[in-house]
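For reference, the structure is listed below as C-alpha cells.
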Protein chains: 2
Amino acid sequence: MTSQPAFRRADPDARRQSLIGACARVLAREGAAGASVRTIAVEAGVSPGLIGHYFPALDDLIAATYAHVGARVEAALEAAVAAAAPEPRARLDAFVTASFAAPIADAELLATWIAFWSLVRTLPGMAAQHDGQYFAFRERLARLLHDCGLPRPRLRHAAIAVTALVDGLWLELCLSPGCFTPDEAGAMARQFLDRLVEG
Amino acid sequence: MTSQPAFRRADPDARRQSLIGACARVLAREGAAGASVRTIAVEAGVSPGLIGHYFPALDDLIAATYAHVGARVEAALEAAVAAAAPEPRARLDAFVTASFAAPIADAELLATWIAFWSLVRTLPGMAAQHDGQYFAFRERLARLLHDCGLPRPRLRHAAIAVTALVDGLWLELCLSPGCFTPDEAGAMARQFLDRLVEG
DNA sequence: TCACTTGTTGTACGATCGTCCAACAAGCAA
DNA sequence: TTGCTTGTTGGACGATCGTACAACAAGTGA
C-alpha cells in the first residue's frame with residue numbers, strides 16, 4: 001500500500017488565488033469578525049502557517065481580496081453592459097440595474113463590503129483602493145451618461161448622484177430585502193435617469 | 001489622612017447610560033474591532049466586570065448603543081427641521097441637508113454605523129432595529145414630501161429614492177471626503193427634490 | 001455605631017487571536 | 001536513485017478575547 005501524498009505543491013500564483021478565494025468566501029459567510037487565519041486556512045484546505053508564507057500579514061491577504069472582489073464586481077457590471085441592446089440608454093440602464101440583481105445584490109457581498117469598509121480607517125492603502133474603485137465606477141457611469149447626450153459640464157455631478165442613488169438602493173436592498181423589490185429599485189433608478197437625461 | 005472612596009455607587013440608569021456612552025465613543029474611535037469589554041470599561045472609567053453586571057453579554061450593550069446612537073441621529077435631524085424656515089420646502093431641504101453636516105456627516109459616525117451593520121446578520125434583533133430606524137427616516141421624509149405637495153401614491157417610491165440618494169451621498173462623503181464637498185452633496189439632493197416636487 | 005445590602009472590583013478561566021519557525025516531505029535536477 | 005530546493009505543515013508563543021465569580025467596600029437603615 002503506497003500512501004498518497006499528504007499535500008501537493010501548488011503553483012505560487014494559483015496558490016495565492018486559492019487563498020484569496022478562500023478569504024473572499026469566509027468574508028462573505030462570516031464577515032470581518034470571522035476572517036481569522038485559521039478559518040481561512042480551513043476554507044482553503046491548507047495549513048494555517050501557509051498564509052504567512054504568501055502574505056506578510058493577514059491584513060495584506062484581506063487587502064488583496066478587496067482588489068479581487070472589486071474586480072469581480074466591475075466585471076459583472078461590464079458583462080451586464082455587454083449583454084444589453086446597443087442603444088446608449090439601454091446600456092446605461094443595464095449598468096445601473098445590474099446592481100439590483102445577482103451577483104451584486106447579495107447579502108453576502110454586502111457583508112464582504114462592510115468588512116472592507118470597517119478596515120478603511122485602519123489599513124493604510126485600503127482607502128486608496130476604495131477611492132480607485134469608486135472613481136472607476138463613476139467614470140464608467142459618466143461615459144455611459146455622455147453617450148446618452150448628457151453634456152460634459154453636468155457629467156460630474158450626475159455621475160456622483162447616480163452612484164449615490166444606486167449605492168443607497170443596493171445597500172438597503174441587501175440589508176433589508178423585504179422593504180422593496182429589485183424591480184422597484186430598478187424602476188426608481190431609471191426614473192431618476194429619465195429626468196437626468198431629459199433636462 | 002482619610003483615604004477618599006475608591007469608587008462611587010451610581011444610579012443604575014445613570015450607570016447604564018454611562019456605559020452606553022462609553023461604548024459609543026469606542027465604536028466611533030476604533031470601530032467594531034476595538035469594542036472589547038476592557039476597552040469600553042477603561043473608557044467608562046470602570047472595572048471590566050461591571051459591564052457584565054448591567055448587560056448579560058457584550059452584544060446586548062452594543063445593541064443598546066445602537067438604539068442610543070440612532071435616537072441621537074434622529075434628534076439631530078429633527079433639530080435641523082425645527083431650526084428651518086416654516087415653509088414646507090425649507091423644512092424638507094433642512095432635513096435632507098442635515099445629513100451632510102456635523103454631527104451626522106462624520107467619519108466616526110460612519111465607523112459606528114459600519115460596526116452596527118456588521119452585526120446585523122449575527123445579532124438577532126439588530127436587523128429589526130435597523131428596519132425600525134430606516135422606516136422612521138422614510139416616514140418622516142414622506143411627511144415632509146407630502147407637505148410639499150407630493151401626492152400620496154408617489155410618496156413611497158419618492159421617500160425610498162431620496163433616502164437612498166442621501167445615504168449614498170452621506171456614505172461617500174464620510175468614506176472619502178475629498179471626492180466632493182458637503183455643499184455639492186446638498187445641491188445634488190436639492191436638485192433631485194426639485195424634480196420630484198415639480199413633476 | 002453597626003450590620004446589611006449590593007454595586008463594584010479584580011482576577012481566573014478557557015478559547016481564540018496573529019505571528020513565528022523548526023521540521024518535514026514533495027517534486028525536480030543530476 | 002540520490003540530493004537539494006522550498007512549499008508546506010503543525011505547534012509554540014504571548015496577547016487578548018468574553019464570561020464568571022469570589023471578595024471587597026460604599027452607602028443605607030436601624
Side-chain angles (χ1 to χ4, degrees), chain A residues 1-23 26-27 29-66 115 118-119 122-124 126, chain B residues 1-23 26-27 29-66 115 118-119 122-124 126:
Chain A
M1 170 180 177
T2 63
S3 65
Q4 59 183 355
F7 62 90
R8 68 178 191 86
R9 317 187 96 146
D11 172 71
D13 284 337
R15 182 66 85 185
R16 271 184 71 93
Q17 287 305 312
S18 159
L19 292 177
I20 288 172
C23 181
V26 170
L27 283 173
R29 193 201 316 134
E30 312 189 28
S36 70
V37 170
R38 289 165 181 83
T39 310
I40 297 170
V42 168
E43 178 70 30
V46 125
S47 161
L50 191 58
I51 291 177
H53 194 74
Y54 283 92
F55 298 92
L58 178 58
D59 291 343
D60 298 290
L61 169 56
I62 294 179
T65 306
Y66 189 10
S118 72
L119 298 172
T122 309
L123 268 71
M126 208 77 170
Chain B
M1 172 178 178
T2 63
S3 64
Q4 58 183 355
F7 62 88
R8 66 179 193 86
R9 317 185 97 146
D11 172 71
D13 285 336
R15 183 68 86 185
R16 271 184 71 94
Q17 288 305 312
S18 160
L19 293 176
I20 288 173
C23 181
V26 169
L27 283 173
R29 192 200 318 134
E30 312 188 30
S36 70
V37 170
R38 291 166 180 81
T39 311
I40 296 170
V42 168
E43 177 70 31
V46 126
S47 162
L50 190 58
I51 290 177
H53 194 75
Y54 283 91
F55 298 93
L58 179 58
D59 292 343
D60 297 290
L61 170 55
I62 294 178
T65 306
Y66 189 10
S118 71
L119 298 173
T122 309
L123 269 70
M126 208 77 169

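For the numbers below, each heavy atom of this structure counts, side chains included, while hydrogens, waters and symmetry mates do not. Proteins come first, then strands; the chains are lettered A, B, ... in the order of their sequence lines, and each starts at number 1.
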How close or far is atom C1' of dT6(D) from atom CG of L50(A), stated in whole angstroms? 12 Å
For nucleotides 12-17 of chain C, tabulate all protein N/O to nucleotide N/O atom pairs closer than 3.5 Å, reporting atom names and distance.
from: dC17(C); atom 1: OP1; to: S36(A); atom 2: OG; distance (Å): 3.3

Hey, is the side chain of Y54(B) poking within less than 4.0 Å of OP1 or OP2 on dG7(C), counting only N and O atoms? no
Of all the choices, dT9(D), dT11(C), dG10(D), which nucleotide is nearest to the side chain of P48(B) once you look at every atom? dT11(C)
Looking at R15(B), I'd like to know whether one of its side-chain N or O atoms comes within less than 4.0 Å of OP1 or OP2 on dT8(C). yes
Euclidean distance, atom CG of residue L19(B) to atom P of dG7(C) [Å, nearest integer]: 13 Å
Relative to the 5' end of DNA chain D, which residue comes earlier, F7(B) or P56(B), by the nucleotide with the nearest heavy atom? P56(B)
Presence of H53(B) side-chain N/O under 4.0 Å of dG7(C) phosphate oxygens OP1/OP2: yes
Spacing of I51(B) atom CD1 relative to dG18(D) atom C1', expressed in whole Å: 10 Å
In this structure, how many angstroms lie between the P atom of dT9(C) and the CD1 atom of I40(B), rounded? 15 Å
Check: C23(A) and I20(A) side chains under 4.5 Å, non-hydrogen atoms: no
Have a look at G52(A) and say if it touches a base, only the backbone sugar-phosphate, or nothing, with a 4.0 Å heavy-atom cut-off. nothing
